[in-house]
Amino acid sequence: MGILLDDRTRVIVQGITGKIGAVQTRWMLEYGTPVVGGVTPGKGGTSVEGVPVFDSVEQAVKETGANASVFFVPAPFVLDAFYETVDAGVRFIVVVPEHVPVHDVVRMRSYAMKKGVYALGPTTPGILVPGKGKMGIMPASLFAPGKVGIISRSGTLSYEFAGILSERRIGQSAVVGMGADPVILMNLTEILKLFEEDDETEGVIIVGEVGGEQEEQAAQYIAEKMKKPVAAYIAGKFSPRGKRMGHAGAIIRGTAGTVEEKVKAMAAAGVETLPSPVHVLDWAEKHNLQ
């Protein structure tokens with residue numbers, strides 16, 4: 001069925017009439033994603049790629065039965081859009097935009113947890129379940145259906161891992177972009193739990209990077225709870241301390257967040273750390289994940 005996105009998912013696109021929203025809607029539809037509506041205040045009654053546009057999320061949900069939403073709205077409006085979407089009864093949200101204020105993300109995460117809502121982002125490429133659909137900006141041609149789950153802080157690296165696996169006919173059960181900011185809506189441990197409980201996933205790859213403590217915290221969960229094999233790749237081995245490396249969350253402060261600390265934590269949890277992306281093939285073959 002796929003985690004978070006499955007046969008029951010009905011998607012609306014917020015910011016659908018913008019340039020990025022319209023283009024990504026077309027590509028999501030071409031991949032077979034059940035996009036049933038879009039939302040742009042003041043543009044209700046129009047359509048994009050044959051998809052009806054509504055003035056509010058409440059109206060879109062009422063008319064289409066939508067239960068998931070992907071955001072392509074400007075960062076300053078994300079918080080209000082998030083509240084509106086949760087209050088309308090949507091239970092899975094993908095927040096693609098970057099530069100969302102950290103204090104807004106903290107409020108969004110708290111509200112999502114209170115209301116029992118799953119949410120990815122911000123600064124995420126989204127989620128793709130091969131053969132089922134995608135919410136976000138992942139390039140669908142690189143993915144194939146299979147048994148390997150991928151969780152990544154980096155969109156580009158998630159595509160690279162999926163492409164390497166797909167070339168060897170090792171498919172993916174789902175590929176999830178966590179989000180690359182210091183604070184995100186759904187952390188690594190929470191996503192690992194979904195993969196551990198998913199019948200179609202037989203192994204998981206964590207694509208991490210320097211900065212923060214997501215990987216270290218997840219290592220404890222892996223050691224205590226996970227039965228499925230897990231591999232990890234940590235990007236940024238030569239990143240200097242105190243300098244942000246591309247993503248807002250990719251910054252080493254003191255001794256926290258270094259590649260060495262993350263690898264050490266993963267090793268203690270029995271996780272194999274890959275020296276380069278191509279080594280994922282050896283790991284997948286060793287665990288019979290073809």
Side-chain angles (χ1 to χ4, degrees), residues 3-4 102 105 109 118-125 127 148-162 164-165 172-198 201 203-280 283-284 287:
I3 67 167
L4 299 173
V102 172
V105 183
R109 176 170 167 79
Y118 291 110
L120 298 174
T123 315
T124 177
I127 180 172
V148 179
I150 299 176
I151 311 170
S152 181
R153 289 173 63 184
S154 164
T156 306
L157 284 174
S158 67
Y159 315 154
E160 182 171 357
F161 271 83
I164 290 170
L165 291 169
Q172 305 88 50
S173 57
V175 182
V176 179
M178 299 170 48
D181 287 0
V183 179
I184 53 177
L185 296 168
M186 195 171 181
N187 64 38
L188 177 54
T189 300
E190 291 165 336
I191 301 170
L192 280 169
K193 183 178 180 181
L194 294 179
F195 274 123
E196 177 68 9
E197 296 171 350
D198 178 44
T201 300
V204 182
I205 301 164
I206 297 170
V207 185
E209 62 186 18
V210 295
E213 297 180 350
Q214 288 281 332
E215 294 85 356
E216 292 92 329
Q217 292 167 0
Q220 183 175 352
Y221 171 79
I222 295 168
E224 295 176 354
K225 302 290 186 180
M226 286 199 73
K227 295 180 174 60
K228 296 176 182 179
V230 179
Y233 174 74
I234 311 297
K237 182 176 181 179
F238 299 105
S239 300
R241 282 174 169 75
K243 184 175 179 61
R244 192 180 75 191
M245 302 301 294
H247 293 151
I251 182 170
I252 300 171
R253 293 182 174 89
T255 58
T258 64
V259 170
E260 292 78 13
E261 287 299 314
K262 293 177 187 294
V263 170
K264 181 179 177 181
M266 288 292 169
V271 175
E272 180 179 343
T273 301
L274 308 173
S276 73
V278 73
H279 285 86
V280 72
W283 172 82
H287 292 284

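Sequence positions, counted from 1, serve as the residue numbers for this chain.
Using a 4.5 Å cut-off on side-chain heavy atoms (C-beta onward), L120 and I191 make contact. Looking at heavy atoms from C-beta onward, M178 lies in side-chain contact with Q214 at the 4.5 angstrom threshold. V105 places none of its side-chain heavy atoms less than 4.5 Å from the side chain of I184. Between N187 and R109, some side-chain heavy-atom pair lies under the 4.5 Å cut-off. In this structure the side chain of I206 never reaches within 4.5 angstrom of the side chain of V271, judged on heavy atoms. Within the 4.5 Å cutoff, the side chain of L165 has heavy atoms near those of the I150 side chain. In this structure, the side chains of L194 and V176 stay at 4.5 Å or more apart for every pair of heavy atoms. At a threshold of 4.5 Å between non-hydrogen side-chain atoms, the residues Q217 and L188 do not count as touching.
Here the closest heavy-atom approach between residue T189 and residue A218 is recorded as OG1-CA, 3.3 Å. Nearest heavy atom pair, residue L185 against residue A119, reads CB-O, 3.4 Å. Closest approach of G149 to T201, counting heavy atoms only: N-CG2, 3.9 Å. For the pair L157 and A235, the tightest heavy-atom approach, listed with the atom from each and the gap, is CD1-CB, 3.8 Å. Of all non-hydrogen atoms in I3 and F195, the two that sit nearest each other are CD1-CZ, 3.6 Å. The heavy-atom pair separating A269 from I222 by the smallest distance is O-CG2, 4.0 Å.
Within a 6.0 Å radius of OH in Y118, no more than 12 heavy atoms belonging to other residues, nucleotides or ligands are found. Counted within 6.0 Å of NZ on K193, heavy atoms from surrounding residues, nucleotides or ligands total 12 or fewer; the atom is thus considered open.
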Residues E261, E216; criterion side chain to side chain contact (heavy atoms under 4.5 Å, CB included); working and verdict
CA-CA 8 Å; E261 287 299 314; E216 292 92 329; 4.0 Å; yes
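For P277, the side chain to side chain contact (heavy atoms under 4.5 Å, CB included) partners at least two apart in sequence or on another chain are E160, F161, I164, Y233. Remark: E272 pairs with K286 by the salt bridge (charged side-chain N to carboxylate O under 4.0 Å, His left out) rule, at least two apart or across chains. Legend: residues meeting side-chain hydrogen bond (donor to acceptor under 3.5 Å, both in side chains) with E215, ordered by chain and number and at least two apart, are R153, K262. Evaluation of the side chain to side chain contact (heavy atoms under 4.5 Å, CB included) rule for T273 yields V263, M266 as partners, not counting sequence neighbours. Residues satisfying the side chain to side chain contact (heavy atoms under 4.5 Å, CB included) criterion with P125, sequence neighbours excluded, are I137, M138, Y159. With sequence neighbours excluded, the residues that form a side chain to side chain contact (heavy atoms under 4.5 Å, CB included) with Q220 are E224. Taking S158 as the reference, nothing meets the side-chain hydrogen bond (donor to acceptor under 3.5 Å, both in side chains) condition, with sequence neighbours excluded.
A distance of 10.0 Å separates OG1 of T124 from CG of D181, quoted to the nearest 0.5 Å.
Partner of V204 under the side chain to side chain contact (heavy atoms under 4.5 Å, CB included) criterion, chosen from V148, L192, D198: L192.
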